[in-house]
Each structure stands twice: as C-alpha cells, then as structure tokens.
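As structure tokens, the structure follows; a few thoughts come after it.
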Amino acid sequence: MPDAAPITVALVEDDASIRDRFARVISSDPTLHFAFGAANATDLFAWFVDNPVDVLLVDLGLPDVPGLEVIRRCRGIQPTCAVMVITMFGDEANMLRAFEAGAGGYLLKDGTERDLAAHVLSLHAGGSPMSPIIARQLLVRWQAGPLPAAAPARRSAAASAPADALSRRESEVLDLIARGFTYPEIAQQLALSVTTVQTHVRNIYGKLDVHSKTEAVYEARQLGLLR
Amino acid sequence: MSWPDRACAFARALALATLTAGLSALAGVALAGDTAPPSAAQVQRFTHADASLQADGQAEQQEVVALEHRWSQRYPAIGGRASYRIELPPASGTQPMALLFTRIGNQAEVRVNGVMLQRFGTLGDATFDAAKSARVVVVPGAMLRPDGPNLLTVSLTLQAQRGGGLSVVHYGPNDLIDRLADRQALTRDFASIVYAVGLFITGAFTAALWWRQRDPLYGVFALAAFSGVLRNLDRVWPEPPLPWPLWGAVLAVAYACHLALIARFTLLAIGRNPRWLVRALYGSLAAASVLGVVALVWARPLLWTVGLAGLEAVGLACLFLIWQMALRGQRPTAWVMVVAGSLTLLCGTHDLLLVRINLGGAEAAPLMPHAMFVFVLIMAGMVVERYTRSITDYRALNATLSQRVAERERQLGDAFEALRVQQQEQAVAGERQRIMREIHDGVGSQLVGLLNMVTQRDAEPALLEAQVRLALDEMRMAVDSLQPVHGDLGTVLGTLRYRLQPRLQAAGIAVRWDVQQLPPLAHLSPHSVWQVQRILMEALTNVLKHARASEVTVEARWRGGAASAVSLLLSDDGVGLHHGPTDGEAVQGHGLANMRSRAAAIGAELRVEAGAGGGTQVALVLPLTPPSQPSSGA
C-alpha cells in the first residue's frame, strides 16, 4: 500500500461541513491526495472531464443531478476511477442501486475519521467490504430473480451474459456474510483462501455493476430490479 | 321524459289504436249489414204474404202479414204452425229461378205450385232450427208457369221464444239470388263466426294467462269469452246438441254469464271492486240465469226480459263507478272502459227495448254481440300494455340494480381505501411513537449520563469516551433495527457483530462465531430486532467490562418440532457471575433485570448461568410463534 504516488481523491458533497471534514481527513493522510471538492454535480462534471483521479466520493443527495446519475456519468467519463458513495449510517439497503450504477463501495458520513481514510485505501487496494445487511439484500434479490418483474432482465442477460446469475459458491459466500462470518472464517469453512473469498465478493459486486455490460442489459436490469 | 314513461304512453297509444281499428272494422260490418245493396231489377222483394197462423191450442187465424214476420211478436210464449202464401210472377224463360229466405223457420217446407222444393228440418221436430241462416231455394224454370201466377207456399212449425218466422222473400234469377245470399251471409254469419272465433282465441289465451299467473282478471275474462262463444256459435249452428227449450235455457244462462262476467271484468280492469257491487253483479247473474231457464222451459218470456233488465241495471252501476274513476284520473284505461261500457249499455238497452220487447219491429237486430266484442279488443290492448310495462319495469329495474351495484362497489372501494389509509396512518404513527420512545430511552438516557459525567469536575476522558460510544451504539442499534433483515435473525446477529467486531478485537477478545442457518421469523418486527440487539449488546458489554475474558462464543441454534424455537447462546471464558468486582455487581444486576424485561417484552426466555468451562452463559430462547416453517436452505 505505501506506493510511490499518493492516491488522488475528489469529492462531491453539498454539505459544506462534511465536505470540509472529508477534505481535512484526506489531506492529513500522507498516502492520500485531496484533489477537488465540488458542491454540486455541474461543478464536478466540469472539473472531472479534464482531471483523472483514483477515487471519487459521491453524496447521493445532490441538489442538481440525482446521485445515481452522477455515478453513471462519472463512470462513463473515467471508467478506471473507483466511485464510493458517502452515506449516512443505516442506509445500506439502498446501496444496491448505487452498486448497480457503478459504485464500488460506500463510506459512512458519521464514521470515525480513522475509518474513513482506511476505507478509501482499502477500496483502492481492491478490498471489498460487505455488511451482513447488504449480503442479505443481495441474496433476496437474486432469489427473487425469476419473479415476473425481473423476468425481462433474466432473458436479456441470458442472451448476452450467461454468467450473470450467482454461482453456488457465491451464494454460499453471501449466505455466510449475511450470518456475520468474517472473510477468514468463510475461507476456513469453505476451504478457500481469503483472497478467493475477496474475489468472490468482488465478482458479486461486479455482477451488480451493469455499467460494464451492454446498454440493453442495463435497461432491462433497471426495469426488473429497481422496482 | 324517462323511458318507462314513454313506453307506457306508447303502449296506451297502441291499445287505443287497436281499439279504434277494431271499432271501425265492426262499424264496417254493421254498415254493410244495414245498407244491403239494392237488388238487381230482376230480383223481386215480397213484403207481404197471406198467412194462416195456428198457435198451439188455439184456433187458426187467416190474415195478411207483413214480412219480416216474427212469430214471437204475436205469440211470445207459445209455439205453433204457420203457412204463408205468396204469388210469384209468371216465368218468362227456362232459366232457373231462386228464392232467398233470410230467415225461415224454425222448421220449414217450401212448395211452388204444390210441388215440394225444399224441406228444412222436419215439421214439428224441434231438434233442428232452420232460422239460423239464410236459405236459398232453387226453382227449376220448367216448373213455372209462363202464363199465370205461381203459388209459393211456405209451411213452418215454430217453437216458443226461438226467433222463428219468415223474412222478406227475394225472388229472381238463380245467379243473382246466389250473389245476394252471399252478401247477406257475409253480414250475418260472418260476423258471428268472427266473434265466436275471436272470443274463443282470446278466451283460451287469457285462460292460459290465468293458469300461469292466477290473476282473476284473466280468469274472469276467459270465462266471459267462453260463455260468449256459445251465443255467437248458436247463430250459425242449425243443429244444436240439445232440443229446443233446453238448449234455449243453456243459451240464456251462457248469455247471462257472458254479460255479467264482462261487467265483472271491467271492474277488475279498473281496480275498483266494491263488495256490494260485486255481490249485486253475481246476484243478478244468478237471478237472470234462473229467470232465463224458467222463461224458456216454462214459456214465460217476460221473466227472461226481467233478468236481462236486472243485468242491465247492474251494468249501469258499474259504468257509473268506472266513470267516477275516469274523472279522478287514477287509471288511464278508465276512459276506454267508459266508452266501451256506455256503448255496451246503449246496445243492451237497444236490444232490450227494440228486440226483446219488440218496440223496434221485426227488422230490429241485436247489437250486443258487436258491443261485446269491443271488450275482446280492450283485453288484447291491456295484455299488450301489461306486457310492455313489465318489460319496461324489468329493464328499469335492471338499470337501477346495476346502478346500485356500481354505487355499492364505489362505496366499498372508498371505505376500503379509507380503512387502508387509516391503517397506514396508524402504522406510521405507531412506528413514529416507537422510534421516539427508543431515542428517548436509548440515546437520550445515554446522553443524560454523559452530561452528568461531563459536569463532574474530574471526569476521566476514557470514561467519557466509553459513554459516548454507548450513546452512539444505542443510536446505531435503533437505526439497524429499522433495516430490512427479511425475518432473518442470523442477519441481525451478523450486523451486531459487524458493528462490534473492531471493539472486541481492540479489547483482545477473540470471537467464536457459530450461527446456523435459521428459519425465517415472520414476526420479526423492528421492535423485536431492537430488543434482541440490546439484550446481546448488554451481554457483550458485560463481557467487555467485567468478565476479563479472552474469548466469547456466540451460537445460534434452531430447534424444530412442536416447541420450535431459536436459541441464542452467548458464553465467555471469563471470571463468571459471582467473581466480578464488587462495584460491578450492582451494575450487572441492574443490567440483568433490564435484559429479562426486554426478553419478556418479545415473548422470549432469558437464562443467565455459569458456563460449562467457567465464565458466564447467557441464553435467549425465542419461540417461533407462528407454526414453524422448516428452512429450505438448512
């Protein structure tokens, strides 16, 4: 992790105090570099086109553009940039949409300052934390896959991306996460390495991130899964 | 105007049109009868005859009589014999001639120049009545004298009150006479047959209606119609099934029934049935029947006249009543009835005075059959109107019904929607109440504690931090309890661990995590989630604070069967319940009481006991209150 170049971070958040706090925390960490803080999406887009960053922190409740749309467009502009959602505690269930729009993780607004920097670093390093509640949501979501609402998605997905459904292993991993097991415990139970568990979790997030797939599949997903 | 009203108006118009058409048809027939076309020049009319009349038991009388000669005019109550002689003119050629007798009877023999030409019935035998129809007698030309008068002799036998006698005699060429006879048959027989058939059909029709609906209106009319058939049929029926005075008695009774029942029908149709009038009606019917039978069988014609007059009087009372109803305008059919009733009573009076009492002379013909037939048309009109009205009512009812169903449906929908909104509001209010209470009891009390500590002069930063963490934990548990866990207690436990793991790790306490797959708990409400979280939190806090443990074990087991339950076990390898620091005892005791009350609040059982390998074990047993649903994934 202590690589040569610091990780550049940009932020869009309409609440000035939170923006300042994040800026302060990121600036104070030597491995991170705070590049830009925008108060709205328009300012961000204008800056974002010309300035590549490693991590973008997005607040979903912006005044001008819906948060999911911001994620989608930023991923379009800089596909290599990791987008993290800034959310308040207890809104994990709603993170699914953000993941589908291309977000790679989330930060709690009310988390401690130490957690915050650690999370950014962890995400950038390819870590994929997943809370039991999100795992439960994902299990329910995929179990409900064959429901009528999701049927079109399934068909389109089958046509273009047959591997869209969860594998048995992925389901097992999700189930164990949902029951509170840590990654090392899961690795032990399933006789895998911790890295493999991480990979499984990343793949599960990847299956949600429809941005990398065709537009048609994306649309179908929208219809079928976003209710 | 609504559609039922218009339909009623239409039905009335139709009934009136039917009535008018019927009346004009009758008028046509009647006019045709009155204005018999003038005979051709060759047809001669003989209006007088030399007659010898011999009533039973009396001396023979010779005289010249005017034709039409009606026996009953002179001998109302007795039968007898009569012989008429007419001189026919000399015949010029050999072409066949013919005689037309519009009425001849009751039994007759016709001779010309002493040669018997035709016999109608057998003289003196009352079974046959020749007088029912017009008779044509062909006279072969060869029989006739070209040079002198030809003598026509008509011999009759007559029965009392049977309408016997001799009509005006027409004489002329056969073909002309035939044509004249046809025309007369049309006016005389045709009307009777039409009436008989019409009455029979409507009688049968209304009888069927009565059979199905048991409406006395139809029943009375059917009887009236059938009794009317007999009289009309009799006029063209030369050989009735009974010998004369008896058959006459039957006819009289039938006719009385016909009249009285038609009167009864008008009352029923108008909807006014005063008891006195109905009694008078049936009384006069009975009287007229008895009088008729007596009059015919015992040859007392005056009695029958009295009977008819009685019926006429009751009919007049009925007409008066109907007229009152019509004036009040309660029944639209009343005016039709007034017209028909007036017509009938006029005809009845005419028949009584001019035919029955002979004031109108021999030519007078009864008008009653024509008048009575008007009621057939009225009945038909009423049936049409009733049918139309019921169809209209039925449609209106249908429309109203579907309208009411729609209205009810809307009301139900509204009520349901209101109930739903109310329930939703109640649920939201309840949830708000709960969250408020939790904020107050949880974060609130922690903050109050914090405030107390801060205001103390020498507050240790470590204690302050612990207190702040407690407040934060309280808040996060409250928020977590609202997150969707889909009834999975495992996720609740997992979330708790996810939150607390860093702290346990920091305290150097290892976690042994053994949470089985648990069946979904349908009744796992945010409230129970919150309580479970707080119980476990309390237990874990105790471990952190007092147990001095190095490892904590969390187990979740599911027990199936009749008393299926989920049991949560939290055990540590610490110093155990009774080895804690003395200042901690009270806190721990207080904490346990709290945990117990929380467990009781969600119907769970809490046990705190010494662990198998030392330390403390806290067991929380949650019953699966609804019938257990074995987890398919287990």
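Quick note on labels: first sequence line is chain A, next is B, and so on, each numbered from 1.
Only the backbone of B:Val511 has a heavy atom closer than 4.5 Å to any heavy atom of chain A.
Counting heavy-atom pairs closer than 4.5 Å to chain A, the top-ranked of the candidates B:Thr491, B:Val479, B:Leu482 is B:Thr491. Among B:Gly494, B:Gly490, B:Ala556, the residue making the largest number of heavy-atom pairs under 4.5 Å with chain A is B:Gly494.
With hydrogens and angles ignored, the 3.5 Å screen pairs no side-chain donor or acceptor of A:Gln189 with any backbone N or O of A:Ile186. Panel note: side chain B:Arg598, backbone B:Gln531; no donor-acceptor pair is recorded below 3.5 Å.
With 3.5 Å as the limit, one finds a donor-acceptor pair spanning the side chains of B:Ser550 and B:Asp573. Side-chain contact, A:Thr196 with A:Thr199: no donor N or O sits under 3.5 Å from an acceptor N or O.
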